[in-house]
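Lettering follows sequence order; numbering is per chain, from 1.
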Amino acid sequence: MVAATTPTVTRAGEPLPDGPPYDVTVIGAGVVGTAIARELARHPLRTALVEATDDIANGTSKANTAILHTGFDAVPGTLEARLVREGQRLLAGYAARTGIPVEPVGALLVAWDREQLDALPGLLAKAERNGHHAARLLDAEETAAREPHLGPGALGALEIPDEAVICPWTTPLAYATQAVRAGVHLHLDCPVRDLAYDDGLHTLTTGRGTLRSRLLINAAGLHADAVDRLLGLDTFTVRPRRGQLIVFDKLARDLVHHILLPVPTAAGKGVLVAPTVFGNVLLGPTAEDIDDKTATESTAEGLALLREKGRRVLPRLLDEEVTAVYAGLRAATGQEDYRITAHPDRGLITVGGIRSTGLTASMAIAAYVVSLLPEAGLDPGEPGELAPLTMPNLGEAGGRPYLDAALIARDPAHGTVVCHCERVTEGEIRDAFASTLPPRSAEGLARRTRAGNGRCQGFHCGAALRARIEEARP
Amino acid sequence: MTTRRERRVDVLVVGAGPAGLAAAAGLAAAGVPDVEVLEREQQAGGIPRHCAHGGFGTRRTGDLGGPAYALHCAAEATMAGATLRTGVTVTGWAGPRTLDATGPGGLERITARAVVLATGARERPRAARLVPGTRPTGVYTTGELQQAVHLHHQHVGTRAVVVGDEPVALAAADTLRTAGVHLVARVTEHPPRPFAAVRQAGGAPLLTRTTVTALTGRPRLTGVRVRHEYGRTTTLACDTVVFTADWIPDHELARRGGLPLDPGTKGPAHDPAYRTREPGVFAVGNLLHGGESAATAAREGRAVTGPVLRHLATGAWPAGGPPLTVTPPLEWIAPNLAGPGGGRFLLRTGRRLTAPLLVVSQDGTPLHRRRLARSVPPGSSFALTAAWLERVAPDGGAVCLRIA
């Protein structure tokens with residue numbers, strides 16, 4: 001068992017620690033970077049995780065479709081296909097052990113015209129080549145029976161029973177929490193401005209001073225190309241692909257029983273309708289190739305497109321209230337596969353091009369990256385076991401504190417509901433502020449507890465939540 | 001395994017705003033022994049709790065500020081003998097008149113002989129209005145703004161835009177002024193009011209026929225992009241925006257209980273005696289229609305007393321009558337089921353009507369025609385007497401209200 005240490009988490013205004021160089025520094029604390037940090041934490045290494053923003057999982061990882069994919073439609077033989085398949089198995093097991101909400105709702109690829117219907121057998125064969133033998137074809141009648149609220153004209157479907165939805169926020173938070181408790185240093189508000197590599201040692205010039213490290217792992221997501229260029233490597237360019245999504249009210253949840261996928265076309269995987277583990281219904285994403293890596297805004301055109309597609313799939317969904325709208329940027333690189341490369345001469349492993357499957361594949365990516373350490377010139381030593389972790393349950397399918405009589409009897413703060421739409425209790429909010437990685441913003445609190453994420457978007461509790469954030473600021 | 005304390009009461013009121021508290025006060029004063037009000041917030045009073053402006057109160061109390069009125073409503077209910085419990089959240093239904101609740105004292109399952117839903121309404125937030133753009137800080141509804149300023153004394157911003165031209169928009173402007181925020185403009189999709197002695201909010205312009213097309217800035221709001229009906233666009237530089245009005249009933253509990261909603265109000269369909277389609281379940285206040293004054297909500301709370309008493313005495317639940325429907329530009333009518341009882345109806349229009357002729361008909365037969373001797377603006381309701389109600393055929397089709 002890896003011994004627990006006092007967590008080292010530094011933020012804006014605090015000094016970076018002195019001391020010997022790190023053995024490994026991971027740049028980027030998204031779902032991939034935190035997963036790698038967690039895997040490194042099992043080894044006798046001095047590891048740092050540096051993040052440009054004020055929280056983990058604050059870029060692409062916070063704004064995605066939250067699906068635990070099977071990889072049934074991956075291109076067979078690619079690294080992505082392999083890591084998604086392995087990652088799905090690893091993350092499903094980890095989620096069960098750690099209390100990360102997962103709902104195994106299954107997916108239906110619904111065919112809306114003859115051409116799409118004709119494409120389903122080919123997709124079934126591809127799923128089987130990817131090792132998914134539970135997939136099967138449904139006729140129109142069975143499709144309608146499975147999803148009674150589908151719009152008119154569904155001709156049939158391909159069922160992928162193992163597709164699931166997962167909590168996209170608890171997953172990286174669990175990775176980072178375990179990593180930090182096992183001794184990984186997390187430096188937030190720490191953008192990397194420059195890199196120099198001399199005599200087998202990197203010097204990282206950050207917004208908060210310098211750090212030194214023997215090996216670098218570039219998990220900077222949208223900015224992975226820029227980080228590589230700081231080391232003189234110009235092998236790929238990240239072209240963000242924006243995905244806008246609409247979150248519908250929980251009162252829409254009963255309208256849909258599976259993840260409803262369109263039949264993929266050359267233009268991409270298309271717009272899906274999916275339940276979330278929080279009990280909402282998600283509609284999206286769009287797929288817009290853009291140049292600006294900060295352009296996470298929604299657009300009138302994007303929202304109109306989603307509503308038009310959604311009306312076709314699930315007409316009654318459009319009568320329900322909208323709870324939230326958001327947009328995320330996928331790190332597309334123009335190559336339909338991950339780009340994970342060791343550069344021994346530069347003391348670097350680049351983890352690039354991790355697209356929408358990154359959440360599913362994260363643990364397998366981490367294991368694969370750590371397996372490359374010897375090739376990159378570092379002996380990681382023998383791995384140990386990490387202390388187990390139980391995360392607060394944010395999922396509707398698991399028991400929520402407000403419904404737990406025994407918990408409330410022990411700790412009456414769990415009987416006081418603060419966020420009414422999401423039924424988040426005083427106890428959950430208190431515990432989030434006392435956790436290893438406490439929130440520093442209303443958004444951070446929402447990702448840890450759901451507080452403020454509901455249909456009123458703060459009409460009832462927003463000011464009270466902000467008061468809690470301001471109290472917690474040092 | 002969860003264990004719930006099971007209890008019985010005569011009347012369970014859900015929500016301690018002006019409507020719920022008035023209903024509880026009336027029922028307790030009429031001698032119903034066991035009237036209980038559950039309120040999920042820590043303080044009773046509903047939205048008036050955070051309305052610093054005056055204009056509340058009754059003939060007896062005189063003009064009161066919101067917080068004083070909230071206290072007054074709560075005192076009326078408790079002094080009449082009702083039990084008022086705050087910090088207790090009703091989480092769902094376990095039976096037709098049985099509700100589950102969570103509080104620091106644990107879980108309960110409360111069965112009542114009659115249930116009065118008074119869960120109120122909220123303003124639609126930015127996302128529900130599908131306003132595109134970034135997701136910056138500095139975006140409020142009036143409710144959140146009032147709580148931030150009046151209850152938590154938080155710093156809000158320096159320059160604000162208010163979206164909307166209903167009375168609540170003026171309340172938002174007042175709150176901003178209290179907080180020392182400069183009001184840049186108010187924005188409304190509606191045309192200017194004729195002959196308007198429109199109250200100018202702190203000298204800020206009211207931009208009419210204007211739509212908010214996007215929010216800009218991150219992490220903080222830097223501007224509100226707007227478009228005039230005739231195509232002109234501009235960006236109003238500001239760090240704060242308040243989305244006002246556009247009320248939606250907080251109808252989750254009603255829907256979870258299977259109560260049909262009225263398509264216009266999005267509140268539970270109900271008859272003039274505030275009966276929903278579910279025997280023993282009444283509904284009052286802004287849950288029925290959103291956006292009405294505290295006085296209207298309290299009036300409905302008082303008016304439900306008689307029907308609840310009759311139900312407790314006889315157990316009777318007259319079959320629901322045909323629905324009352326409206327055609328545009330009318331947006332909704334409440335009550336919206338025909339049935340015994342008198343009183344008045346409230347209606348809303350989506351655009352300004354000048355001396356409109358209202359026609360009520362059922363299955364092609366005219367029941368009532370009435371010309372209003374005034375102009376009716378959008379965003380506030382107007383009343384119609386119920387004299388024609390007795391002419392509705394109880395087993396006939398929907399009753400239609402339109403502007404001739």
Q: Of all the heavy-atom pairs spanning A/A324 and B/A127, show the shortest one and how long it is.
A: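 In terms of heavy atoms, the two residues are closest at CA-CB, 3.7 Å.
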
Q: So, for A/I408 and B/P104, which heavy atoms are closest and what is the spacing to 0.1 Å?
A: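 Of all heavy-atom pairs spanning A/I408 and B/P104, the closest is CG2-O, 3.7 Å.
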
Q: Using side-chain contact (heavy atoms from CB on, under 4.5 Å), reason through A/L251 and B/R256 one step at a time and then give a plain yes or no.
A: CA-CA 8 Å; A/L251 291 162; B/R256 299 271 185 223; 3.7 Å; yes

Q: Which bit of B/V156 comes within less than 4.5 Å of chain A, counting heavy atoms only: side chain, backbone, both or neither?
A: neither

Q: Give, as side chain, backbone, both or neither, the part of B/L145 having an atom under 4.5 angstrom from any heavy atom of chain A.
A: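 For B/L145, there is no contact with chain A at all, as no heavy atom is under 4.5 Å.
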
Q: Relative to chain B, which segment of A/T323 carries a heavy atom at a distance below 4.5 Å: side chain, backbone, both, or neither?
A: backbone

Q: Taking atom types as modelled, is there a side-chain donor on A/H460 or B/D250 under 3.5 Å from an acceptor on the other?
A: yes

Q: Does CZ in B/R49 sit with more than 12 non-hydrogen atoms of other residues, nucleotides or ligands closer than 6.0 Å?
A: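 Atom CZ in B/R49 is crowded, with more than 12 foreign heavy atoms closer than 6.0 Å.
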
Q: Is chain A contacted by the side chain of B/R40, its backbone, both, or neither, given a heavy-atom distance below 4.5 Å?
A: both

Q: Pick from B/G103, B/G106, B/A148: which one has the most heavy-atom pairs with chain A under 4.5 Å?
A: B/G103

Q: Minimum heavy-atom separation for B/A128 and A/E321, please, with both atom names.
A: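 Nearest heavy atoms, B/A128 then A/E321: CB-OE1, 4.1 Å.
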
Q: Which atom names give the shortest non-hydrogen contact between A/F459 and B/T141, and what distance separates them?
A: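 Scanning both residues completely, I find the closest heavy atoms to be CD1-OG1, 3.3 Å.
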
Q: For A/G415 and B/T102, work out which heavy atoms get closest and say how close.
A: O-CG2, 3.6 Å

Q: Select one option (side chain, backbone, both, neither) describing which atoms of A/Q244 are under 4.5 Å from chain B's heavy atoms.
A: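 For A/Q244, there is no contact with chain B at all, as no heavy atom is under 4.5 Å.
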
Q: Would a 4.5 Å heavy-atom cut-off, applied to side chains only, mark A/V325 and B/R129 as touching?
A: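 The answer is no; the side chains never approach within 4.5 Å.
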
Q: Just how far is it from atom CZ of B/R255 to atom CG of A/D249, taken to the nearest 0.5 Å?
A: 7.0 Å

Q: May I have the list of side-chain donor-acceptor pairs in residues 307-318 of chain A shorter than 3.5 Å, sequence neighbours left out?
A:
from: A/R312; atom 1: NH2; to: A/W112; atom 2: O; distance (Å): 3.4
from: A/R316; atom 1: NH1; to: A/H149; atom 2: ND1; distance (Å): 3.4

Q: So what's closer than 4.5 Å to chain A heavy atoms on B/H153: side chain, backbone, both or neither?
A: neither

Q: Which heavy-atom pair separates A/L403 from B/T91 by the least distance, and what is that distance?
A: CD2-OG1, 4.5 Å

Q: By a 4.5 Å heavy-atom criterion (distance strictly below it), what part of A/D319 contacts chain B: side chain, backbone, both, or neither?
A: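 Backbone of A/D319 only, per the 4.5 Å heavy-atom cut-off to chain B.
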
Q: Identify which part of A/E320 has an atom lying under 4.5 Å from any heavy atom of chain B, answering side chain, backbone, both or neither.
A: side chain

Q: Between B/L151 and chain A, with a heavy-atom cut-off of 4.5 Å, which part of the residue counts as in contact: side chain, backbone, both or neither?
A: neither

Q: Under a 4.5 Å heavy-atom cutoff, which of A/T416, A/I246, A/T294 has the most pairs with chain B?
A: A/T294

Q: Drop me the distance from A/C461's SG to B/E144's CD, to the nearest 0.5 angstrom.
A: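 Atom-to-atom, A/C461:SG and B/E144:CD are 8.0 Å apart.
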
Q: Who in residues 214-227 of chain B is close to chain A, using a strict under-4.5 Å heavy-atom cut-off?
A: B/R218

Q: Given a strict heavy-atom distance threshold of 4.5 Å, which part of A/Y326 is in contact with chain B: side chain, backbone, both, or neither?
A: both

Q: Salt bridge or not between A/R455 and B/E252? Use side-chain N to carboxylate O under 4.0 Å.
A: yes

Q: Report yes or no: does B/T89 contribute a side-chain atom to a donor-acceptor pair with the main-chain N or O of A/V417 at less than 3.5 Å?
A: no

Q: Is B/A101 in contact with chain A via its backbone, its side chain, both, or neither, using a 4.5 Å heavy-atom distance?
A: neither

Q: Please classify the contact of B/R124 with chain A as side chain, backbone, both or neither, using a heavy-atom distance under 4.5 Å.
A: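 Side chain of B/R124 only, per the 4.5 Å heavy-atom cut-off to chain A.
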
Q: Give, as side chain, backbone, both or neither, the part of A/A442 having an atom under 4.5 angstrom from any heavy atom of chain B.
A: neither

Q: For the interface with chain A, which of B/R135, B/H50, B/Q154 has the highest count of heavy-atom pairs at distances below 4.5 Å?
A: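 It is B/Q154.
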
Q: Using non-hydrogen atoms and a 4.5 Å limit, figure out which bit of A/A300 sits close to chain B: side chain, backbone, both or neither.
A: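 When you check distances to chain B, atoms from both the backbone and side chain of A/A300 fall under 4.5 Å.
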
Q: Name the member of B/R122, B/Q146, B/Q147 that forms the most heavy-atom pairs with chain A at distances under 4.5 Å.
A: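 That would be B/R122.
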
Q: Heavy-atom distance under 4.5 Å between the side chains of A/R466 and B/H152, does that happen here?
A: no

